[in-house]
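Take a look at the structure set out below.
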Amino acid sequence: MTYTKDFDADAILRTMEALSRHHARGTSEDEALRVCSAALLLIRDDPKKLAELREFFRKITTPATEGIQVAHTFASREEADAWLLSGTAKDGQLVRVAGQGFTVVDHGLKGLKLVRIPLPEELLLTSPGPKPRT
């Protein structure tokens with residue numbers, strides 16, 4: 001499922017109405033569509049409530065990997081190390097160095113270090129696919 005930032009509540013209600021025509025009155029499907037429609041009608045005209053629904057919907061439909069933000073990209077480890085020494089790096093930042101992910105870790109008196117942490121796209125490239133059925 002993907003997230004549509006500004007979903008159209010009225011279009012969704014029309015779709016639910018069309019779906020309801022395929023289910024006899026009184027069935028569990030009919031009841032579910034009616035309850036969902038009523039809930040959407042309740043909040044549709046309240047901008048604050050509709051914004052809250054949109055945010056909730058985003059949270060439950062957007063994969064966690066989409067929220068991962070790479071702060072900086074460096075062509076080499078040397079460039080990344082120079083950036084660490086520059087004083088602008090912050091603990092917890094995620095960076096890409098020569099295509100690999102690292103996170104900045106504050107080691108106190110030892111200073112900031114880069115610790116290897118695979119980026120989502122790296123995990124997708126290395127994860128095994130489904131096992132063939134035998």
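Note that this is a predicted model, so its numbers are computed, not measured. FYI, side chains are in, hydrogens and waters are out, and symmetry mates aren't considered; it's all heavy atoms of this structure.
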Short question: side chain of R96, backbone of F74 - any donor-acceptor pair under 3.5 Å? no

Where F102 and R77 come nearest, the two heavy atoms and their spacing: CE2-NH1, 3.5 Å

Let me check something: do L84 and V70 share a hydrophobic cluster, defined by ILVMFWY side-chain heavy atoms less than 4.5 Å apart, either directly or through other members? no

Nearest heavy atoms of L119 and G101, plus distance in Å: CG-CA, 3.5 Å

Okay, side chain of T103, backbone of Q93: is any donor-acceptor separation there less than 3.5 Å? yes

Can you get from L13 to L50 by hopping between Ile, Leu, Val, Met, Phe, Trp and Tyr side chains that sit under 4.5 Å apart? yes

Assess whether atom CZ of R25 is packed by more than 12 heavy atoms of other residues, nucleotides or ligands within 6.0 Å. no

Looking only at non-hydrogen atoms, find the nearest pair between D30 and G26 and report the distance. OD2-N, 3.2 Å

Enclosure of E31 CD (heavy-atom neighbours >12, cutoff 6.0 Å): no

Closest non-hydrogen atom pair, A98 against A75: CB-O, 3.5 Å

L19 side chain near E29 side chain, heavy-atom distance below 4.5 Å: no

Identify the two heavy atoms, one from P47 and one from D45, that lie closest to each other, and give their separation to 0.1 Å. CD-O, 3.4 Å

Does any part of the side chain of W83, heavy atoms only, come nearer than 4.5 Å to the side chain of L112, both counted from C-beta? no

Value rounded to 0.5 Å, distance of CG in L33 from OG in S28: 9.5 Å

Polar side-chain atom of D91 near backbone of D106 as donor-acceptor pair, under 3.5 Å: yes

Are the side chains of R34 and H23 in contact, using a 4.5 Å heavy-atom criterion? no

Joint cluster assignment, F57 & L40, ILVMFWY side-chain distance < 4.5 Å: yes

Look at the side-chain heavy atoms of Ile, Leu, Val, Met, Phe, Trp and Tyr, link any pair under 4.5 Å apart, and say whether I12 and I43 land in one connected group. yes

Which atoms form the tightest heavy-atom contact between A80 and L114, and what is the distance? CB-CD1, 3.6 Å

Linking I/L/V/M/F/W/Y whenever their side-chain heavy atoms sit closer than 4.5 Å, directly or via other members, would L53 and L41 fall into one cluster? yes

Indicate yes or no: at least one non-hydrogen side-chain atom of D10 is less than 4.5 angstrom from one of R44. yes

